[in-house]
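These notes concern the structure reproduced below.
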Amino acid sequence: MDLPGQVNCETCRIRSCAVEVLDQQELDILKTNCAGAVYARNERIFQQGSLTSNIAYVKTGLVKIHKNGPSKDQILKLVKPPRFIGIPTVLGDKINNYSATALLPTTVCFIVTSTFKTLIMRNGRFANEVINSICQDELTFYDRSINQMQKQIHGRLADALLFLADEIFEADSFDLPLSQSDLGDYIHATRESVTRTLGRLKADGLIQVKGKNIKLIEKDMLRKISKLG
DNA sequence: GCATTAACCACAG
DNA sequence: CTGTGGTTAATGC
């Protein structure tokens, strides 16, 4: 992997589909206007309310996108790399509309916003890839919104556990990267409800819990719960 | 009415 | 930060 700070977009092995379609000249432009950074667990990548800076591309790790609402913080989504984050907030406003925080040690590449715009202007295929990625994100977000609104706690928690296992970790046993309070912010529930519901799933033998480690035992049953809400 | 759900509060490891 | 118990408001038989 490239050293943090210095990046080489030509040889980067986890570059985006969008960067894949750039020509040599464009890669040179990108390379000189791009910098890598490393974040520790729970370190903020950008902060809601502060001036937007650069376009961020998450290369490794895990990131939560979250926003302070009227009463409390809410986790909008968890982002598994490689993925751009914050394109809407950087291009859509001068002030960040939401925050991004690393949940695991995370590496990020920042692209100077004006450079990003230049590439979009110059290269239609690049723009197309970026738009595709934003569209996918939006569709995913719609699904999640509907699921959150129409299910009750058991379904929402089962959803989250299956998502973590299938999409994020690709394993049925994993260490929760979130506190139970964070998990509550993610599935629209209080910390207490998360504790209780996890306890019930455990008591019913659907999952095993050892500290932070969660192991899904009866995934079919969890899917059923997720489906029925 | 009665049961269920989930938030709110308090207190204890 | 997590686990529990009591209370309470809303919703649905």
Side-chain angles (χ1 to χ4, degrees), chain A residues 38-50 58 60-81 85 96-108 140-229:
Chain A
V38 180
Y39 292 87
R41 185 174 155 73
N42 288 327
E43 203 174 347
R44 194 62 52 96
I45 298 169
F46 56 80
Q47 165 73 35
Q48 176 182 353
S50 64
V58 185
T60 63
L62 183 65
V63 173
K64 69 170 172 180
I65 303 295
H66 53 123
K67 179 172 172 113
N68 254 113
S71 54
K72 61 172 187 167
D73 204 56
Q74 164 103 46
I75 297 180
L76 296 170
K77 58 181 166 185
L78 302 177
V79 179
K80 181 196 177 183
I85 53 169
N96 278 319
N97 280 226
Y98 49 82
S99 301
T101 302
L103 292 178
L104 297 172
T106 293
T107 55
V108 178
T140 306
F141 189 75
Y142 288 163
D143 278 342
R144 181 170 140 71
S145 296
I146 288 187
N147 278 329
Q148 293 294 310
M149 281 191 262
Q150 300 188 356
K151 289 174 185 174
Q152 41 189 53
I153 280 219
H154 292 91
R156 303 206 296 271
L157 183 62
D159 260 6
L161 294 178
L162 288 168
F163 171 74
L164 286 167
D166 294 341
E167 311 283 329
I168 302 290
F169 294 106
E170 295 175 38
D172 290 348
S173 174
F174 54 87
D175 287 333
L176 256 190
L178 301 162
S179 67
Q180 291 192 12
S181 166
D182 271 352
L183 194 50
D185 293 341
Y186 181 52
I187 65 170
H188 309 172
T190 59
R191 185 208 112 235
E192 294 96 316
S193 296
V194 171
T195 301
R196 258 188 271 269
T197 309
L198 274 177
R200 278 205 53 182
L201 293 178
K202 184 181 170 188
D204 292 345
L206 303 188
I207 62 173
Q208 273 174 18
V209 183
K210 285 187 210 121
K212 279 277 175 199
N213 185 267
I214 306 270
K215 187 172 184 184
L216 307 191
I217 308 295
E218 300 279 357
K219 285 184 82 175
D220 287 342
M221 200 60 204
L222 286 171
R223 286 200 196 89
K224 197 178 271 180
I225 291 174
S226 152
K227 204 160 208 159
L228 298 178

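Residues Thr101(A) and Arg44(A) form a side-chain contact, since some pair of their non-hydrogen atoms from C-beta on lies under 4.5 Å apart. Contact check for Leu183(A) versus Leu157(A): side-chain heavy atoms found under the 4.5 Å cut-off.
In this pair, Tyr98(A) and Phe46(A) present their aromatic rings tilted. The plane angle is within the 30 to 60° band.
The CG atom of Leu228(A) sits 14 Å away from the P atom of dT5(B) (whole-angstrom rounding). The NE2 atom of His188(A) sits 17 Å away from the C1' atom of dT5(B) (whole-angstrom rounding). One atom, CG of Asp182(A), and another, P of dT2(C), lie 9 Å apart when rounded to the nearest Å. Separating the CZ atom of Arg200(A) from the C1' atom of dT4(B) is a distance of 11 Å, rounded to the nearest angstrom. Atom NZ of Lys210(A) is separated from atom P of dG3(C) by 15 Å (rounded to the nearest Å). Regarding Leu157(A), its CG atom lies at a distance of 12 Å from the P atom of dA7(B), rounded to whole Å. Rounded to whole Å, the distance from CG on Asn213(A) to C1' on dT2(C) is 17 Å. The interatomic distance linking Leu198(A) (CG) with dC1(C) (P) rounds to 16 Å, in whole Å.
The shortest distance between the side-chain N/O atoms of Ser181(A) and the OP1/OP2 oxygens of dC1(C) is not below 4.0 Å. Taking 4.0 angstrom as the limit, Lys212(A) places none of its side-chain polar atoms (N or O) nearer than this to OP1 or OP2 of dC1(C). Thr190(A) has a side-chain polar atom (N or O) that falls below the 4.0 Å cut-off from OP1 or OP2 of dA7(B).
Nucleotides of DNA chain B nearest to Arg191(A) and Ile153(A) differ in position, and the one nearer the 5' end is that of Ile153(A).
For Gln180(A), the listed nucleotide lying nearest its side chain is dG3(C); candidates were dG3(C), dC1(C), dC8(B).
Put simply, the side chain of Glu192(A) and the base of dC8(B) share no donor and acceptor less than 3.5 Å apart.
Among Val79(A), Leu178(A), Ile168(A), the single residue meeting the side chain to side chain contact (heavy atoms under 4.5 Å, CB included) criterion with Leu103(A) is Leu178(A).
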Practice problem: Test His66(A) against Gln48(A) for side-chain hydrogen bond (donor to acceptor under 3.5 Å, both in side chains), laying out the working first. | Solution: CA-CA 9 Å; His66(A) 53 123; Gln48(A) 176 182 353; over 6 Å; no
